[in-house]
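Can you keep this structure in mind? I'll have questions shortly.
Within every chain, numbering begins at 1; the chains are lettered A, B, ... in the order of the sequence lines, protein sequences first and strands thereafter. This is a predicted model, so every value here is computed, not measured.
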Amino acid sequence: MSDVNTPSDGEPDQDHDHAHHDHDHEGPGYATPQAAIEEGGREELAYVMSLYVGTDVDAPDFVAVVDLDPDSDTHGEILDQVELPNRGDELHHFGWNACSSSCHVEGLERRHLIVPGQRSSRIHVIDAKDRRNPELVEVIEPEEVFEHDLSAPHTVHCIPDGEILISMLGDADGELPGGFLELNDDFEIEGRWEPPGEVEMNYDYWYQPRHNVMVSSEWAAPKTYYPGFDIEDVEAGNYGQKIHFWDWEEGTVEQTIDLGEEGMIPLEVRFLHTPESTHGFVGAALSSNIFHFWWDDEGDEYRAEKVIDFESREHDDWDMPVPALPTDILISMDDRYLFGSNWLHGEVWMYDVSDPANPRRADSLSVGGTFGEVQEVQGRELAAGPQMIQLSLDGERLYWTTSLFSSWDNQFYPEEGERGSVMLKADVDPRKGTLELDEDFLVDWGECPAGPARAHEIRWPDGDCTSDVWQ
Amino acid sequence: MARYEVALDWVGGPSRTIDVDENETVLEASQRTGRSLPYGCRTGACGTCVGRLLAIDGTAADDDARDEEPTNVADAFAYRRTPKALKSRHRDDGYVLLCIAAPRTDCRIAVGSRVQAELVDNPWK
Ligand code: FES
């Protein structure tokens, strides 16, 4: 079931229609980030991780297909639910079998979604050839994953030759160390990608092939974060505060930066899209700071520096100042803006990062969460703050969902499980650097047939700001 | 093979009693009988399936008794593997991971997603 079609006679595939393609590339995606902006078109559908795990609803998690076409009668509705065969997965992050990094691999298609269960360690393969009616085609059972002494799959990226790499947060028992699992282009487990033990903790990662570098971040051992957030674990040093720079080809860690107290729980990590750049950002959720990292030519090493600091806020009903908890960040396709979500405070924000060492606050929107000025949209009460974010390729529409992780939701926003998540949208003016809530747009997971569901990561069918990499 | 009666009290919901074989976990039995408990990893790492032991052998299940002297989980269940998701304070308070726990006696357990939410507090509130 490979997505690479090898012409049998070795001749160029005469049936392949090049008329609509840029002649410089043959495979999936776009030749450059700028080409993605120009050729991508407006997003009409979104795939969204949707889940029942951890609730009393006796139903499996599903992948929602959401209609984003403003001219459609079903705009803002869930068009289709791709149901999974088992309960208990906790769908979380997911990715494509191929992205723009493989844009020179002829015959490869961005067609299959790799959808891991964070709690179950089960890995699903969904064929999205029919963009509106994707179907489940393959399931890798947890036992096959445990054989490689790994569990808790997280970030999925393609390796630019049809293979797939998944960050794994724990060993087979839910303890440390985590590592990376590699799938081949037939979606079979190839084995571990790296020599075991290169890192203890793992979470998100991003790579920049032109510089032969990958960067990875740290959450904690699955057994630590699965049941909920326990402050005792912070005191015991059970949460991460380091980022790791890898030799991308060798799969070995070349450098580790300890971000210290101000860098606790570094989650989402992103390089700029332009393949020439070595600059990137990582959000430290617990200490509520954003770090900039870059290759320092003179020092011959990577360096990291705190560039944004979100202050805790006093709340009358809370005993202690409430941290912002920036749980997701994203870089616009043109690399001009950094967007993020402060899940506890209830805020989405955008910073101008034209000078990545000196981000300049452009705008923010106070919505949902503990402090949000807007607490309902279209009469629908918001149960939690903005969490996973996704931006249109042209940088003009920012979307977000509200669930972080089922057990953490239950702890900080217990209503999320009872009311379900929503997906909201802000209109972005990249020229003026402003955000404005679109009150006409609301997708409500509270109305799902089996009961209220949570919603997590969002992807566009043809590439987005948090999955595409360029060679 | 011994079978035990395990009463499941959903917090904020219904109660029902199921028969569980001595070499079957409470989660497996709940799935077999059609109304499943919440679960995630099924390896004892995530805590999604957690229940709280209320009483053994039909002894009185009242909250006062629980506060004074929690019922001992080891008297009621045998674990298939180590319950990683539970800290010692949880074990002392009678929490039990039902994906890896097989009964050794008749008992009554509080179950459902709200039991999981009891495991950790919001540290800022
Ligand atoms: S299902 Fe994860 S501990 Fe039982």
(request) Sort by residue number and list every member of residues 79-90 of chain B having a non-hydrogen atom under 4.5 Å from chain A. (result) B/Arg81, B/Lys84, B/Ala85, B/Lys87, B/Arg89
(message) Shorter than 4.5 Å, heavy atoms on both sides: which option in A/Asn410, A/Asp319, A/Ile231, A/Asp317 has the most such pairs with chain B?
(response) A/Asp319
(message) Could you report the tightest heavy-atom contact between A/Asp58 and B/Ser36, atom names first, then the distance?
(response) OD2-N, 3.3 Å
(message) Less than 4.5 Å to any heavy atom of chain B: does that hold for the side chain of A/Tyr225, its backbone, both, or neither?
(response) neither
(message) Any side-chain to backbone donor/acceptor pair from B/Gln116 onto A/Pro227? Under 3.5 Å, distance only.
(response) yes
(message) Tell me every residue that passes side-chain hydrogen bond (donor to acceptor under 3.5 Å, both in side chains) with A/Glu147, counting only those two or more places apart in sequence or in another chain.
(response) none
(request) Identify the residues of residues 38-50 of chain B whose heavy atoms come closer than 4.5 Å to a heavy atom of chain A, ordered by number, or report 'none'. (result) B/Pro38, B/Tyr39, B/Gly40, B/Cys41, B/Arg42, B/Thr43, B/Ala45, B/Cys46, B/Thr48
(request) Find the one option among A/Val57, A/Asp409, A/Asn86, A/Thr55 whose heavy-atom pairs under 4.5 Å with chain B are most numerous. (result) A/Thr55
(message) Please find the pair of heavy atoms, one from B/Trp124 and one from A/Phe412, that lie closest to each other, and give the distance.
(response) CZ3-CE2, 3.5 Å
(request) Would you indicate whether A/Glu261, at its atom CD, is surrounded by more than 12 heavy atoms from other residues, nucleotides or ligands within a distance under 6.0 Å? (result) no
(message) Looking only at heavy atoms and a cut-off of under 4.5 Å, which of A/Met320, A/Arg87, A/Glu175 has the most pairs with chain B?
(response) A/Arg87
(message) Measuring only between side-chain heavy atoms, which start at C-beta, is B/Pro123 closer than 4.5 Å to A/Glu232?
(response) no
(message) Below 4.5 Å, heavy-atom pairs only: which of A/Gln118, A/Lys223, A/Glu90 has the largest tally toward chain B?
(response) A/Lys223
(message) For residues 2-19 of chain B, give me every residue with a non-hydrogen atom less than 4.5 Å from any non-hydrogen atom of chain A.
(response) B/Trp10
(request) Sort A/Pro414 into side chain, backbone, both or neither according to what part of it lies under 4.5 angstrom from a heavy atom of chain B. (result) neither
(request) Go through the atoms of A/Ser121 and report whether side chain, backbone, both or neither lie under 4.5 Å from a heavy atom of chain B. (result) neither
(message) Restricting to non-hydrogen atoms, name the atom on B/Val120 and the atom on A/Phe229 that form the minimum distance, rounded to 0.1 Å.
(response) CB-O, 3.8 Å
